[in-house]
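Hydrogens, waters and symmetry mates are skipped; everything else that's a heavy atom, side chains included, is used. A note on names: the letters A, B, ... follow the listed sequences, proteins ahead of strands, and every chain is numbered from 1.
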Amino acid sequence: MERYNFKKIEDKWQKFWEDNNSFSTQIDHSKKKFYCLEMFPYPSGKIHMGHVRNYTIGDVLARFKLLKGFNVLHPMGWDSFGMPAENAARQNNLDPRTWTEANISNMKSQLKKLGLSIDWNREISTCTPEYYKHQQEFFLELYDKGLVYRKEQYVNWDPVDQTVLANEQVIDGKGWRSGANVERKKLNQWFFNISKFSEKLLENLNTLDEWPNKVKVMQKNWIGKSFGCEVSFKIENSKQIKNINCFTTRPDTLFGMSFIAVSVDHPISKLYENDKEFIKFKKECSTTGTTEEAIANAEKLGFKTDLIAINPLDNDIKVPVYFANFVLMDYGLGAVFGCPAHDQRDLDFALKYDLEVNTVVRPNKTDSTFKVIDKAYTGEGYIFNSSFLNNLKCPEDSIITTIDYLEKNNLGKKQINFRLKDWGVSRQRYWGCPIPIAYDEKGNPKKIPKEMLPVKLPNIKKFETSGNPLDNLLEWKNIIIDGKKYVRETDTLDTFVDSSWYFLRFCSPKNKDYGFEESEIKYWMPVDQYIGGIEHAILHLLYSRFFMLAISDGNKKIDIDEPFKGLFTQGMVCHETYKTQDGNWLSPDEIQTIDGEKFEKKDNTKKVVVGPSESMSKSKKNIIDPEKIIQNYGADAVRLFILSDSPPEKDVQWSDEGIASSYKFIQKLWSLNQKIILEISRNHKFDSSENLEKYTNIYLKKMSDNLDSFSYNVLIANIHEMCTYLNKETSNKYTSKTLANNYNKILITLLPIIPHFASECLELNKFKINQEWPEYDEKKLIEENVKIVVQINGKKRGLLQAKRERSEKNLLLDIEKDNKLNKYLNNKKILKVVFIKNKIINIIIKQ
RNA sequence: GGGGCGAUGGCGGAAUUGGUAGACGCGUUGGUCUUAGGAACCAAUAUGGCAACAUGUGAAGGUUCGAGUCCUUUUCGCCCUACCA
């Protein structure tokens with residue numbers, strides 16, 4: 001028997017799909033659309049297993065929807081601006097564009113070898129002027145809408161990469177790429193006014209019912225809405241400072257206040273800018289480590305001012321004002337009032353500086369002994385020691401009452417505060433989208449006129465070691481608009497801007513007038529299923545949601561609020577890690593094993609230390625190259641394996657045994673196919689078609705259900721069962737017609753998963769290649785004979801074959817006749833019978 | 001500190017959503033064929049027991065005729081987030 005030649009057959013079908021433009025898509029209003037999108041890759045050079053998993057999951061869905069008769073949009077592109085290109089250029093003295101384009105062409109051919117159903121006619125690349133021209137238009141459009149502005153601000157400066165980082169790109173106080181300690185620096189920056197949509201971005205999360213809850217929770221926390229009020233405190237002893245305003249979520253604890261703490265960056269710090277002690281304190285605050293432990297263990301430090309603040313609810317309560325290291329200028333108003341009894345930080349601070357601890361909330365109304373000593377009480381309870389607030393239920397009633405009082409007496413106002421900050425998009429980098437702005441002699445920004453777009457990124461011959469080469473490119477920097485001299489903005493846009501609208505561009509990839517055509521996004525948007533890694537749960541997804549709101553803001557023709565209707569976050573691909581005994585990482589290629597337990601290095605047979613399985617990464621060398629695997633086992637085997645071992649949303653363990661087993665399984669399916677071709681040609685006279693038809697019908701239901709619910713690992717199990725069943729059941733039992741009819745349907749169900757193999761089998765069987773997904777018949781799922789579980793006192797004691805709808809009474813008679821079952825009853829008194837038709841009978845007897 | 005998720009054989013994982021726990025795969029064991037097999041095929045594989053049977057979904061309780069699934073408490077693990085006022 002001829003073995004399955006995956007090389008020949010996979011090449012054949014990939015060529016067929018390409019020659020026939022099988023996956024190119026046009027608007028077709030007679031069909032329902034389905035927009036299936038996987039997060040596009042950064043062209044780093046080669047695809048990795050994470051891509052294989054991501055794009056296989058998406059392809060299964062896209063092909064399934066195509067078979068179901070949807071008009072499927074399944075595009076692919078390249079997130080091709082960004083620092084690696086620039087770094088490679090510096091290191092190897094070449095042009096980032098050349099490097100990027102070579103990578104794209106290599107990765108594209110790798111992706112094609114996976115047999116993905118992608119409409120390559122819609123391919124886009126964000127580093128091309130055809131793409132970023134429209135991004136510049138959007139920038140100016142948002143500028144006109146007041147959603148883009150420029151301000152001087154402290155920024156996170158990465159001294160190694162010589163660039164500004166967004167808050168989200170700073171992890172544990174270090175740059176997310178360079179790992180260098182991030183410094184604070186004041187620069188003029190461009191911002192997107194994302195905080196304008198805080199409420200909307202939060203509210204809309206409720207409408208995203210096809211998103212993982214986890215991602216919604218993460219975004220909710222990131223947006224960080226808190227309800228409270230602004231309270232104004234009079235300062236009684238200063239000419240310059242009359243008031244300090246604080247934001248609080250717990251105004252009801254005002255009577256327990258014993259100090260005010262403000263950030264060292266608070267405006268009142270101006271009063272102390274010449275105070276040597278204060279300067280020293282401020283410096284101390286900024287050098288406190290930013291690692292997790294440092295923050296957790298950081299001591300609360302204060303610098304006492306001579307200011308005295310008055311409690312607005314009781315003018316006799318006068319408290320000192322401190323600068324404190326735990327108050328951040330970034331959040332709220334950069335000032336808090338301290339109520340040590342009911343906030344742990346305030347309590348730590350109070351104990352250190354010997355401030356009063358006044359308990360004003362107690363768990364019970366009447367517990368007169370309750371007093372906070374060394375642990376702040378933040379639970380529910382009742383207010384006391386607080387004048388007009390006494391005995392109010394806390395926090396619900398007490399907060400509302402306090403805010404009412406403050407507002408009526410002009411002492412404060414209700415306020416909702418968000419943690420979400422505006423998005424700083426300026427990057428001091430070359431390889432990004434130029435910001436379409438120039439400055440006049442006075443430094444005022446001017447929009448580059450539309451007809452002068454795109455502002456093309458000039459070619460750079462030589463890269464200096466650091467900084468932005470655009471700064472030194474005078475012939476590009478100096479520009480004349482309407483006869484006047486201007487200097488260009490040399491910062492480029494954060495690459496997250498590029499990916500914030502690419503899903504719109506896919507709808508109209510060639511449109512020259514604008515980033516998209518309204519009629520086209522009206523048809524295709526929103527993305528029905530977006531698939532990618534959980535690492536983008538906040539940044540990319542939030543920015544994209546913002547961009548959609550920003551573009552449709554004030555444009556009634558675009559009524560799309562949310563870009564991604566469904567979101568699926570796939571797990572990572574993991575592999576064991578290996579190290580030499582002196583701690584150097586080893587790749588799986590460098591090691592071998594004899595017994596599967598002890599591992600040694602191939603070249604010198606030295607012992608290898610096997611570490612835990614972790615997400616594949618270059619730094620740990622635990623990577624498996626998809627290209628080699630495709631070469632050895634074929635794309636279908638890789639697709640099959642990457643789906644089979646774990647549910648797609650969980651991490652999957654790469655294993656040599658696993659991929660080998662998938663390969664073998666395809667061979668097994670191949671021999672099944674040969675066998676069935678032979679059986680069909682024999683045309684048996686017998687026909688117990690009912691069995692096969694019934695089986696096929698159940699199988700189709702399972703396949704459809706599991707495809708709909710992303711249970712792809714269970715789907716593969718269904719295929720294994722099918723293979724075993726057909727191998728057993730198809731010998732000498734069916735007429736050609738019955739067998740061909742059912743087998744044809746089964747083969748179609750393999751198309752989404754192992755498309756080359758399934759296409760080849762369809763062709764060999766002379767079945768049509770383009771067929772619709774076979775639907776199952778709901779009526780035929782009903783079995784005439786059913787198995788009834790028999791329980792005695794809730795314990796399973798056996799099974800009973802019975803006709804459908806058999807009554808409780810008759811089943812009891814059956815049980816009495818059954819030798820295995822009747823011994824349990826043994827003339828004992830039946831107290832109760834629980835009977836669920838066609839399912840279970842539970843007999844309760846006296847013991 | 002706050003939030004989220006999870007815990008099922010040697011391993012990855014199934015379980016129609018309250019109704020036969022362990023589908024399917026890996027691994028292991030035995031067998032067939034073979035010069036040989038790291039190939040193919042067949043069989044077994046939760047635990048204890050010769051068996052009947054008993055036990056069994058991190059732990060303890062509860063609801064129920066019936067709980068992996070629901071409720072309460074608890075332990076452990078993973079992830080996110082963080083001096084957020």
TODO: Cation-pi check, A:Arg419 to A:Trp222: give yes when NZ or CZ is under 6.0 Å from the six-membered ring centre and within 45° of the ring axis, no otherwise.
DONE: yes
Whole-Å distance, A:Ile223 CD1 to B:A82 P, equals 15 Å
B:G13 and B:C78, which share atom name P, separated by this distance in whole Å
16 Å
Do A:Glu600 and A:Gln592 have side-chain atoms, one donor and one acceptor, less than 3.5 Å apart? yes
Residues pairing under salt bridge (Lys or Arg N to Asp or Glu O under 4.0 Å) where one sits in residues 779-790 of chain A, two or more places apart or in two chains, turn out to be A:Lys694-A:Glu783
Classified by glycosidic angle (syn within 90° of 0, else anti), B:G30 comes out anti
A:Ile244 CD1 to B:A85 P, in whole Å, measures 20 Å
Assert: residue with more 5' nearest nucleotide on RNA chain B, out of A:Ala335 and A:Asn221, is A:Asn221
Think A:Asn713 has a side-chain N or O under 4.0 angstrom from the OP1 or OP2 of B:A14? yes
Ignoring backbone atoms, establish whether A:Arg797 has a side-chain N or O less than 4.0 Å from OP1 or OP2 of B:A54.
-> yes
In whole angstroms, the gap separating C1' of B:U16 from CG of A:Asn838 amounts to 14 Å
Query raised in the report: Between A:Asp346 and A:Lys300, is there a salt bridge with N-O shorter than 4.0 Å?
Result: no
Separation between the C1' atoms of B:G66 and B:U20, rounded to whole Å: 12 Å
Between CG of A:Asp705 and C1' of B:A15 the distance, given in whole Å, is 14 Å
Margin query: Can you confirm whether the side chains of A:Asn713 and A:Asp645 place a donor and an acceptor under 3.5 Å from each other?
Written below: no
Between CD1 of A:Ile659 and C1' of B:G25 the distance, given in whole Å, is 13 Å
Would you say the side-chain atoms of A:Thr749 and A:Tyr699 include a donor-acceptor pair closer than 3.5 Å? yes
Under a 3.5 Å limit on both distances, the Watson-Crick or wobble mate of B:G66 is none
Could you tell me how far B:U55 sits from B:A60 if I compare only their P atoms? Round to whole Å. 14 Å
*How would you label the contact of A:Thr248 with the nucleic acid (heavy atoms, under 4.0 Å): base, sugar-phosphate, or nothing?*
sugar-phosphate
Roughly how far apart, to the nearest Å, are B:U69 and B:A15 at atom C1'?
10 Å
Nearest-nucleotide check on RNA chain B, A:Leu799 vs A:Asp645; residue mapping nearer the 5' end is A:Asp645
Worksheet item: If you measure from the C1' atom in B:C42 to the same atom in B:U34, how many Å do you get, rounded?
Response: 16 Å
Using Watson-Crick geometry (N1-N3 plus N6-O4 or O6-N4) or G-U wobble (N1-O2, O6-N3), each under 3.5 Å, B:G37 is paired with none
inquiry  = Mind checking if A:Ile844 touches a base, just sugar-phosphate, or nothing, with heavy atoms under 4.0 Å?
reply    = sugar-phosphate
Considering only heavy side-chain atoms of A:Ser646, the closest of B:A85, B:G12, B:U81 is B:G12
Side-chain polar contacts of residues 250-258 of chain A - donor-acceptor pairs under 3.5 angstrom, sequence neighbours left out - could you list them?
{"from": "A:Arg250", "atom 1": "NE", "to": "A:Asp252", "atom 2": "OD1", "distance (Å)": "3.0"}
{"from": "A:Arg250", "atom 1": "NH2", "to": "A:Asp252", "atom 2": "OD2", "distance (Å)": "3.4"}
{"from": "A:Asp252", "atom 1": "OD2", "to": "A:Ser398", "atom 2": "OG", "distance (Å)": "2.7"}
{"from": "A:Thr253", "atom 1": "OG1", "to": "A:Arg250", "atom 2": "O", "distance (Å)": "2.9"}
{"from": "A:Ser258", "atom 1": "OG", "to": "A:Glu356", "atom 2": "O", "distance (Å)": "2.9"}

Looking only at B:A23, B:A85, B:C80, the nucleotide nearest the A:Tyr331 side chain is B:A85
Of B:C84, B:C83, B:G19, the nucleotide closest to the side chain of A:Lys300 is B:C83
Closest to the side chain of A:Leu328, out of B:G27, B:U20, B:A85, is B:A85
Closest to the side chain of A:Val336, out of B:U20, B:A85, B:A82, is B:A85
Could you give the distance separating B:U47 and B:C11 at their P atoms, to the nearest angstrom? 11 Å
Q | Spacing of the P atoms in B:U57 and B:A82 (rounded, Å) | A | 39 Å
When rounded to whole Å, the CZ to P distance for the pair A:Arg250 and B:A85 reads 11 Å
To the nearest angstrom, the CZ-C1' distance between A:Phe259 and B:A85 comes to 10 Å
_Pairwise C1' distance, B:A43 and B:C80 [rounded to whole Å]_ = 48 Å
pair_partner(B:A82), Watson-Crick or wobble, both distances < 3.5 Å, evaluates to none
Out of B:G25, B:A85, B:G13, minimum distance to the side chain of A:Arg345 belongs to B:A85
Ranking B:A14, B:G19, B:U81 by distance to the side chain of A:Gln791, first place goes to B:G19
With A:Val262 as partner, the option from A:Leu333, A:Val336, A:Ile244, A:Val327 fulfilling side chain to side chain contact (heavy atoms under 4.5 Å, CB included) is A:Ile244
Its glycosidic angle compared against 90° from 0, B:U34 adopts the form anti
Rounded to whole Å, CD of A:Glu808 lies from C1' of B:C65 at a distance of 12 Å
Applying the 3.5 Å cut-off to both distances, the Watson-Crick or G-U partner of B:A23 turns out to be none
Hey, does the side chain of A:Lys664 come within less than 4.0 Å of B:A39's phosphate (OP1/OP2), counting only N and O?
yes
Among B:U20, B:G19, B:A23, the one nearest any side-chain atom of A:Lys796 is B:U20
Self-check item: Short side-chain N/O contact from A:Lys832 to OP1 or OP2 of B:U64, under 4.0 Å
Solution: no
ask   = Checking all strands, does A:Lys795 fall into the base, sugar-phosphate, or nothing category for heavy-atom contacts under 4.0 angstrom?
value = sugar-phosphate
Out of B:U20, B:C41, B:A54, minimum distance to the side chain of A:Lys668 belongs to B:C41
So what does A:Val327 touch, heavy atoms closer than 4.0 Å: a base, only the sugar-phosphate, or nothing? base
Q.
Under a 3.5 Å distance rule, please check whether A:His342 uses its side chain to pair with a backbone N or O of A:Val361 as donor and acceptor.
A. yes
Partner of B:U47 under the Watson-Crick or G-U wobble criteria, both distances under 3.5 Å, comes out as B:A54
With the side chain defined as heavy atoms from C-beta on, A:Glu657 is closest, among B:C79, B:C84, B:C26, to B:C26
